[in-house]
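Atom set for the values below is all heavy atoms of this structure, side chains included, hydrogens, waters and symmetry mates excluded. The chains referred to below are lettered A, B, ... by the order of the sequence lines, with proteins before strands, and numbering in each begins at 1.
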Protein chains: 2
Amino acid sequence: MTKKQSGLSSKANKIESVEGLNDCPITVALSVIGGKWKVIVLYILRDGTLRFGEIRKKIPKITQKMLTQQLRELERDGLVSREVFPEVPPRVEYSVTKLAEDLSPILDQLCSWGSKLK
Amino acid sequence: MTKKQSGLSSKANKIESVEGLNDCPITVALSVIGGKWKVIVLYILRDGTLRFGEIRKKIPKITQKMLTQQLRELERDGLVSREVFPEVPPRVEYSVTKLAEDLSPILDQLCSWGSKLK
DNA sequence: TTAGTTAGTATCAAAGAGGGAACCATGACT
DNA sequence: AGTCATGGTTCCCTCTTTGATACTAACTAA
């Protein structure tokens, strides 16, 4: 049955948790921001609302499929909000949520920690 | 040439960075702790030095290959230190480094942020 | 009528990650 | 000689993830 579902979810690469710590929010958090392009998308959206095509232009190497996928997952996890305008051609705007804003300072700390890694 | 190299590194799953932000330490940090079992290993080693077999017993689902790989990467990135005792049978002890200890509070914050995710 | 626009989907193939099992060295014990 | 223990390594196979490409809807402009 294979359920193609356009490549959401994961498994091979999912971060594991410990016995008796299976719901440790760290693993939840990492699974939410650990996607291949997610921190970039969050970083870019931090400066303000953007529509799909604008995000693509700012991340030239991402494919349309990947961007769609990452945005869908970020939306599902409550980090970005998506607004569709019923126009032609279509217009869809993305922006970060309060939850993502709360994450920002932590990412900054992670950033300064990461800078110690040579 | 294919370079099997025992399955170190990654690529498909590597977190991407932005043009002009390619060395953003966030992506570095995430790549360092983002491995499938790394936060578990760090979590377990936080309580003190353990030898290889002991870690295995605490993470029953991990395979020997994976544990070796994750420990090697953590060591390479300066998060754990590895001490080999020239005995027979071999004894190898692992412990967290200062760098990993510095990371701890950030992981805790990430943890409390993650707990807001339902 | 044909082309152009945006935001996607669908499909196929390639690359990568992870599991399983087998193998290895060394010395002690039986 | 055969077995056990520890900490690995190697190979193969499968599943997942990613990339590339083509296709769609719906309306506008030429």
- Are the side chains of B/Leu99 and A/Leu117 in touch, meaning some heavy atoms are under 4.5 Å apart? yes
- Query: Does A/Arg91 put a side-chain nitrogen or oxygen below 4.0 Å from OP1 or OP2 of C/dT5?
  - Reply: no
- Task: Take atom NZ of B/Lys38 and atom C1' of C/dG18, then tell me their distance rounded to the nearest Å.
- Result: 14 Å
- Residue of the set B/Ile44, B/Val39, B/Leu45 for which side chain to side chain contact (heavy atoms under 4.5 Å, CB included) holds with B/Val41: B/Leu45
- To the nearest angstrom, how far is B/Leu67 atom CG from C/dA17 atom C1'? 17 Å
- Message: Could you tell me how far apart A/Phe52 (CZ) and C/dT9 (C1') are, to the nearest whole angstrom?
- Response: 11 Å
- Message: Please report the distance, rounded to the nearest Å, between CH2 in A/Trp37 and P in D/dT18.
- Response: 10 Å
- Message: Taking the side chain as everything from C-beta on, heavy atoms only, tell me whether B/Gln69 gets closer than 4.5 Å to B/Arg72.
- Response: no
- Length of the CD-P vector between B/Glu75 and D/dG7, whole Å: 15 Å
- Query: Quick one: B/Lys61 NZ to C/dG20 C1', roughly how many Å, whole number?
  - Reply: 17 Å
- Item | B/Gln64 side chain, from C-beta outward: closest of D/dG7, C/dG8, C/dA7 | D/dG7
- Of the nucleotides D/dG19, D/dG8, C/dG18, which one has an atom closest to the side chain of A/Lys65? D/dG19
- Query: Do any side-chain nitrogens or oxygens of A/Arg51 fall under 4.0 Å of OP1 or OP2 in C/dT6?
  - Reply: no
- In terms of hydrophobic clusters joined by side-chain contacts under 4.5 Å, are A/Phe85 and A/Tyr94 together? no
- Taken to the nearest whole Å, CD1/B/Ile15 to P/C/dA17 is 13 Å
- Using a cut-off of less than 4.0 Å, is there contact between a side-chain N or O of A/Lys36 and OP1 or OP2 of D/dG19? yes
- Task: With DNA chain D as reference, determine whether A/Val88 or A/Thr63 sits nearer its 5' end, using the nearest nucleotide of each.
- Result: A/Thr63
- Message: Taking atom types as they are modelled, would you say the side chain of B/Glu87 forms a donor-acceptor pair with the base of C/dG27 within the 3.5 Å cutoff?
- Response: no
- Query: Within the structure, does a side-chain N or O atom of A/Gln69 lie under 4.0 Å from either OP1 or OP2 of D/dT18?
  - Reply: yes
- Message: Can you tell me which residue among B/Lys58, B/Glu93, B/Arg56, B/Lys57 is in a side chain to side chain contact (heavy atoms under 4.5 Å, CB included) with B/Leu50?
- Response: B/Lys58
- Message: If I take atom CE in residue A/Met66 and atom P in nucleotide C/dG8, what distance separates them, rounded to the nearest angstrom?
- Response: 15 Å
- Message: Is B/Arg72 close enough to D/dT9 that one of its side-chain N or O atoms is under 4.0 Å from OP1 or OP2 there?
- Response: yes
- Against the side chain of B/Tyr94, the closest entry in C/dG19, D/dG8, D/dG19 is D/dG8
